[in-house]
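This chain uses plain numbering: 1 for the first residue, then up along the sequence.
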Amino acid sequence: MNHRSTRRTSPSRNAFTMIELVVAASIMIALMSVVTSLTFRIHGVWQDTNQQRIATWAVSSELERITSLPLDDIATTLDELEASVELQHLLTEPEWSGDLIDDELGPRVALRLDWKRRHPGKPLELVGWVLDTTAQEEASP
């Protein structure tokens, strides 16, 4: 007698099911969106850092130049401050401002540089004491 088996055979698990493919694709899409978002944010932070570095270099160079001038020429130089062509290419809408302060601490220059950023920020400000060479020349016999 030939007995037929009443038992069902289970299907073979050699291939992925559609649900597994959908889950894997969803995980990949989520990871790709996170990586892309982080890449854009890192790029923005890098640009902000580079602009801050350029602005710091520009303000320190200009401050060194101004503080080495005679005290009488500093006020007119501060009124004529203008962003160079190179600085206009590196920063968006750079604007200079500066003050000559003369009090009990001595004459000093407060120099500020502001530019249009992607986020609100304060102007970069540096203060330097004036190298008053005329006072040194008068004091020496």
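- The side-chain hydrogen bond (donor to acceptor under 3.5 Å, both in side chains) pairs that include a residue from residues 95-107 are Ser97-Arg112, Asp99-Arg112, Asp103-Arg108, where partners are two or more places apart or lie in different chains.
- Clustering of Ile, Leu, Val, Met, Phe, Trp and Tyr side chains at separations under 4.5 Å leaves Val45 isolated, with no partner residue.
- The two residues Val59 and Leu111 make their nearest non-hydrogen contact at O-CD2, 3.9 Å.
- The heavy-atom pair separating Thr67 from Glu64 by the smallest distance is OG1-O, 3.3 Å.
- Taking CD of Gln51 as the reference point, atom OG1 of Thr92 lies at 5.5 Å (rounded to 0.5 Å).
- The side-chain contact (heavy atoms from CB on, under 4.5 Å) search around Ile27 returns Val23, Leu31, not counting sequence neighbours.
- Remark: Gln47 pairs with His43 by the side-chain hydrogen bond (donor to acceptor under 3.5 Å, both in side chains) rule, at least two apart or across chains.
- Distance alone, capped at 3.5 Å, is enough to place a donor-acceptor pair between the Ser61 side chain and the Trp57 backbone.
- Sorted by first then second residue, the salt bridge (Lys or Arg N to Asp or Glu O under 4.0 Å) pairs that include residues 23-45, not counting sequence neighbours, number zero.
- When hydrophobic side chains of Ile, Leu, Val, Met, Phe, Trp and Tyr are connected at separations under 4.5 Å, Val34 ends up clustered with Leu38.
- Legend: residues meeting side-chain contact (heavy atoms from CB on, under 4.5 Å) with Ala55, ordered by chain and number and at least two apart, are Leu91, Leu113, Trp115, Leu124.
- Annotation: salt bridge (Lys or Arg N to Asp or Glu O under 4.0 Å) contacts involving residues 84-94, sequence neighbours excluded, are absent.
- Judged as a side-chain hydrogen bond (donor to acceptor under 3.5 Å, both in side chains), and not counting sequence neighbours, His89 has no contacts.
- Listed by chain and number, the residues in a side-chain contact (heavy atoms from CB on, under 4.5 Å) with His119 are Asp48, Arg117 (sequence neighbours excluded).
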Practice task
Go through Leu87 and Ile54 one step at a time and tell me if the side chain to side chain contact (heavy atoms under 4.5 Å, CB included) criterion holds.
Solution key: CA-CA 8 Å; Leu87 191 60; Ile54 289 168; 4.1 Å; yes
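- Placement of Leu78 and Val127 in two distinct hydrophobic clusters is found when ILVMFWY residues are connected by side-chain heavy-atom separations under 4.5 Å, directly or transitively.
- Annotation for Trp46: hydrophobic cluster partners, listed by chain and number, are none (ILVMFWY side-chain heavy atoms under 4.5 Å, direct or chained).
- Between Met32 atom CE and Thr39 atom OG1 the span is 11.0 Å, to the nearest 0.5 Å.
- Taking CG of Leu63 as the reference point, atom OG1 of Thr56 lies at 12.0 Å (rounded to 0.5 Å).
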Exercise for the section: Could you go through the side chain to side chain contact (heavy atoms under 4.5 Å, CB included) check for Ile74 and Leu69 one step at a time? Expected result: CA-CA 6 Å; Ile74 291 178; Leu69 293 173; 4.1 Å; yes
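- Scanning both residues, Ala110 and Glu125, for their nearest heavy atoms gives CB-OE2, 3.6 Å.
- Listed by chain and number, the residues in a side-chain contact (heavy atoms from CB on, under 4.5 Å) with Asp79 amount to none (sequence neighbours excluded).
- Closest heavy-atom contact between Pro107 and Leu71: CB-CD1, 3.9 Å.
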